[in-house]
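Each chain gets a letter, A, B and so on, in the order its sequence line appears, and its residues count up from 1. Predicted model only: the values in this text are computed from it and were never measured.
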Amino acid sequence: AQSVTQLDSQVPVFEEAPVELRCNYSSSVSVYLFWYVQYPNQGLQLLLKYLSGSTLVKGINGFEAEFNKSQTSFHLRKPSVHISDTAEYFCAVSSIQGAQKLVFGQGTRLTINP
Amino acid sequence: DGGITQSPKYLFRKEGQNVTLSCEQNLNHDAMYWYRQDPGQGLRLIYYSQIVNDFQKGDIAEGYSVSREKKESFPLTVTSAQKNPTAFYLCASSNYMVLDYGYTFGSGTRLTVV
């Protein structure tokens with residue numbers, strides 16, 4: 001079974017500052033990793049995903065994440081945030097083997113202050 | 001365009017009433033899921049279905065029921081047995097065997113008990 005821990009429930013930052021949202025996972029098998037974003041009163045939208053290959057993955061809206069197998073982490077970063085990045089962010093993991101469900105973290109609320 | 005449609009967007013229920021939330025997808029996905037989202041609690045899995053005419057309970061199935069008579073449709077009924085149904089409900093779908101694309105989410109239904 002897999003589990004996901006998002007280490008910060010809320011992250012406040014100033015506009016144009018860099019941000020890192022932290023995600024650690026636990027799994028006994030190889031995994032796929034995902035970050036989703038949720039704007040108020042909307043569904044979740046895929047930001048980026050790691051399947052294999054390069055450990056640095058780039059997603060939409062200028063976000064990127066780095067897969068660190070030894071640290072079992074998949075932290076999300078953006079070098080300069082905008083007011084429009086205010087949202088809730090979810091890290092998720094699935095086994096690469098078939099018929100597995102996606103396991104989500106508890107979410108991190110990112111608030112951008114002007 | 002392919003996607004998932006949830007309806008209605010807002011729903012009000014009186015005490016003791018059953019209500020049904022609709023979820024339809026045209027992505028040809030085998031698996032469909034229902035999640036409940038409450039502030040600060042992330043996503044909690046209610047039910048999921050990996051093939052037509054089959055479904056399994058998730059972590060918080062009590063007070064809910066589902067059916068999967070068609071591949072495209074996975075309606076959720078919130079029964080009067082669910083004591084605290086006010087929440088945001090999200091439907092999602094995925095390929096059954098390979099989660100390399102994660103889930104596709106609908107835009108959600110906000111249910112309020114009045």
Sub-4.5 Å heavy-atom contacts with chain A: which residues of residues 42-49 of chain B show up? Gly42(B), Leu43(B), Leu45(B), Tyr48(B)
Cluster check Tyr89(A), Phe104(A): I/L/V/M/F/W/Y, side chain < 4.5 angstrom: no
Ring centres under 6.0 Å, that's the criterion: do Tyr103(B) and Tyr36(A) meet it? no
Under 4.5 Å, heavy atom to heavy atom: which of residues 104-114 of chain B reach chain A? Give them by number, or say none. Phe105(B), Gly106(B), Ser107(B), Arg110(B)
Rounded to the nearest 0.5 Å, the CD atom of Gln38(A) sits from the CZ atom of Phe88(B) at a distance of 6.0 Å
When clusters are formed from ILVMFWY side-chain contacts under 4.5 Å, directly or step by step, what else is grouped with Val29(A)? none
Pairs of heavy atoms under 4.5 Å with chain B: top-ranked of Gln106(A), Gln10(A), Gln6(A), Gln45(A): Gln106(A)
Is it true that atom CD of Glu16(A) has more than 12 heavy atoms of other residues, nucleotides or ligands lying nearer than 6.0 Å? no
Grab the two heavy atoms, one from Gln37(B) and one from Glu88(A), that are nearest each other, plus how far apart they are. NE2-OE1, 4.4 Å
Tell me if the NZ atom of Lys9(B) is crowded by more than 12 foreign heavy atoms within 6.0 Å. yes
Honestly curious: do Leu90(B) and Tyr64(B) fall in one hydrophobic cluster under the side-chain, below-4.5 Å linking rule? no
Tell me who clusters with Ile4(B), hydrophobic residues only, linked when side chains sit under 4.5 Å apart either directly or through other members. Leu27(B)
Hydrophobic cluster membership, Tyr35(B) vs Val78(B), 4.5 Å side-chain cutoff: no
